[in-house]
Amino acid sequence: MARTPLIAGNWKMNVDHVAAVSLVQQLDAALVRDEHDQEAAEVVVLPPFTDLRSVQVLVDGDDLMVRYGAQDVSAHEPGARTGEIAAGFLARLGVRYVTVGHSERRTHHHEDDATVAAKASAALAAGITPIICVGEDLAVRQDRRHVEHVVAQVDGSLDGLSADQVAGSVIAYEPVWAIGTGEVATAADAQEVCSAIRQRVVALHGDDVGERVRVLYGGSVKSSNVAELMEQVDVDGALVGGACLDPEEFARIAGLARS
Ligand code: 13P
């Protein structure tokens, strides 16, 4: 069974709700012009929470092809959790995807694998696909412990999810040393770890789940390197940071991911 490529643009803490409207309009216009087929390669933007209502109204009102998600979700039910956003609230806004355990949240907000697994579980319960992020920092890579490190993160971050839930999730390999640095992992580096992730999923839940789960690469992805990354058998798409803030560049990345 072929896996549909996924190109997700993580806006991080950039672009307010006013600017979001024109960014989404420009991206959608570029995709329409390029005759992009969402069934051939799904293109998703991940704006800040405060943008989501504007994006929803725009996408629904003008019947745009761009899909959207969020960058984080609470692991908890609605209630006394000041500042958190429940998965159900995101689902009501038409959110299809949510990143959980991005390295910036693991680093700055001390999120561990158990928290990431709980957030993934909350997203899935609300019908939202989690994009579960894993990846090693430079010290681990220099010690050549990156595969075991990432596999351990996969174990912890998928803990408690059923086979079907894992099959319906996305796992994003983002080496921390390649994020926002311009330092892209080679296609062979990306394949090595994405393959190890898929093998781990096979070991945990069997061949069928391993065949279905989508594994992305993220870290300084651009139109100049995405094609080679996408040629790797275990790379099913990209989680794009900086380059997704330029709608023409992001549309180029999406076009190259299709082939
Ligand atoms: P850059 O593409 O800017 O390196 O960011 C990658 C990333 O963190 C996406 O989630």
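Whatever order the structure lists ligands and atoms in, that order sets their numbers, starting from 1.
- Contact annotation: for I179 versus ligand 1, heavy atoms closer than 4.0 Å belong to both the backbone and the side chain.
- For the pair A178 and ligand 1, a heavy-atom separation below 4.0 Å is found.
- Contact of the E104 side chain with the Q71 side chain is not registered, since no non-hydrogen atoms from C-beta on lie closer than 4.5 Å.
- Those atoms of ligand 1 with a heavy atom of H102 less than 4.0 angstrom away are 7 (C), 8 (O), 9 (C), 10 (O).
- Of the options G9, G241, G135, G180, the smallest heavy-atom separation from atom 4 (O) of ligand 1 is shown by G180.
- The contact set between ligand 1 and E174, taken as ligand atoms under 4.0 Å from a residue heavy atom, comprises 6 (C), 7 (C), 8 (O), 9 (C), 10 (O).
- Proximity of I171 to V201: side-chain heavy atoms (C-beta onward) are separated by under 4.5 Å at one or more points.
- Contact annotation: K12 has at least one heavy atom less than 4.0 Å from an atom of ligand 1.
- In terms of polar-atom proximity, defined here as any N/O pair under 3.5 Å, N10 does make such a contact with ligand 1.
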Could you walk me through whether D112 and T115 pass the side chain to side chain donor-acceptor pair (under 3.5 Å) check? CA-CA 5 Å; D112 59 11; T115 302; 2.8 Å; yes
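- Under a 4.0 Å N-O distance rule, the pair R3/E42 does not qualify as a salt bridge.
- Which parts of ligand 1 touch L239 is read off a 4.0 Å heavy-atom cut-off, strictly below it: atoms 9 (C), 10 (O).
- The number of heavy atoms from other shown groups lying within 6.0 Å of NE2 (H17) does not exceed 12.
- For the pair V15/P47, no side-chain contact is recorded, criterion being any heavy-atom separation below 4.5 Å from C-beta on.
- I197 places a side-chain heavy atom less than 4.5 Å from the side chain of V150.
- Atoms CD1 and CD, on I253 and E249 in that order, are 4.5 Å from each other to the nearest 0.5 Å.
- Here is the list of ligand 1 atoms found below 4.0 Å of a heavy atom in G242: 1 (P), 2 (O), 3 (O).
- Close approach to S220 involves these atoms of ligand 1, each under 4.0 Å from a residue heavy atom: 1 (P), 2 (O), 4 (O).
- The shortest heavy-atom distance from A243 to ligand 1 is not under 4.0 Å.
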